[in-house]
Amino acid sequence: EMAALGLRNKRGAPMSRSKLAELLHKKLYAGMVVHNGVEYQGNHDPLVSKELFDRVQQVFALHDRDKPGKQSTLIFCAESSCAPHADLRSRL
């Protein structure tokens, strides 16, 4: 689905699920800049609201709670038949 939407990496190849998950964790998109472990409000316009960013992080945390020891690469399934994440999708 990501490839069909035209999502590409820097080299022009289809974006991987793990890279998309990495991007969803970046505070930069919510207008925050982290430098030396300290978080600052950036001078740029955020791409997503702080509220939406926080909600996405909560869903990752719920997913990670159920998968101890695994790095979070949660990507929601678009199909309603994707039962493992149906309960998480409904919490957004």
Side-chain angles (χ1 to χ4, degrees):
E1 186 170 336
M2 290 186 306
L5 290 171
L7 294 176
R8 303 278 180 213
N9 65 20
K10 288 188 246 183
R11 296 182 312 271
M15 186 178 296
S16 67
R17 289 173 32 153
S18 61
K19 184 60 176 180
L20 181 59
E22 180 184 320
L23 294 175
L24 290 174
H25 283 292
K26 290 190 180 235
K27 294 181 178 188
L28 181 71
Y29 300 115
M32 304 304 294
V33 177
V34 180
H35 180 69
N36 289 335
V38 180
E39 192 174 290
Y40 302 94
Q41 180 65 45
N43 292 330
H44 62 287
D45 291 331
L47 294 176
V48 298
S49 69
K50 177 79 166 100
E51 292 78 19
L52 178 58
F53 180 83
D54 289 342
R55 286 172 51 200
V56 170
Q57 302 317 302
Q58 288 175 344
V59 172
F60 272 109
L62 286 170
H63 184 265
D64 291 347
R65 180 191 68 199
D66 296 334
K67 308 279 186 197
K70 296 230 178 203
Q71 182 180 12
S72 183
T73 57
L74 171 66
I75 302 297
F76 293 120
C77 304
E79 300 83 23
S80 59
S81 62
C82 185
H85 299 127
D87 62 321
L88 295 177
R89 278 196 308 275
S90 68
R91 295 180 195 191
L92 280 176

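Computed from a prediction, not measured in an experiment: that's the story for all the values here.
- Separating the CZ atom in R55 from the CZ atom in F60 is a distance of 14.0 Å, to the nearest 0.5 Å.
- Closest approach of Q57 and L24 over heavy atoms only: NE2-O, 2.8 Å.
- Through chains of ILVMFWY side-chain contacts below 4.5 Å, V38 is grouped with Y40.
- In this structure the side chain of M15 never reaches within 4.5 angstrom of the side chain of R8, judged on heavy atoms.
- The shortest side-chain heavy-atom distance between L23 and K26 falls under the 4.5 Å cut-off.
- Across every non-hydrogen atom of G31 and P46, the tightest pair is N-CB, 3.6 Å.
- Checking each of D54, L52, V48 against K50 for a side chain to side chain contact (heavy atoms under 4.5 Å, CB included) leaves exactly one that passes, namely D54.
- Residues forming a salt bridge (charged side-chain N to carboxylate O under 4.0 Å, His left out) with K19 (at least two apart in sequence, or on another chain): E22.
- Take E39 and apply the side-chain hydrogen bond (donor to acceptor under 3.5 Å, both in side chains) test, not counting sequence neighbours, and it matches K27.
- Hydrophobic cluster membership is shared by Y29 and L20, with clusters built from Ile, Leu, Val, Met, Phe, Trp and Tyr side chains linked at under 4.5 angstrom.
- Taken from CZ in F53 to CG in L28, the straight-line distance is 9.5 Å, to the nearest 0.5 Å.
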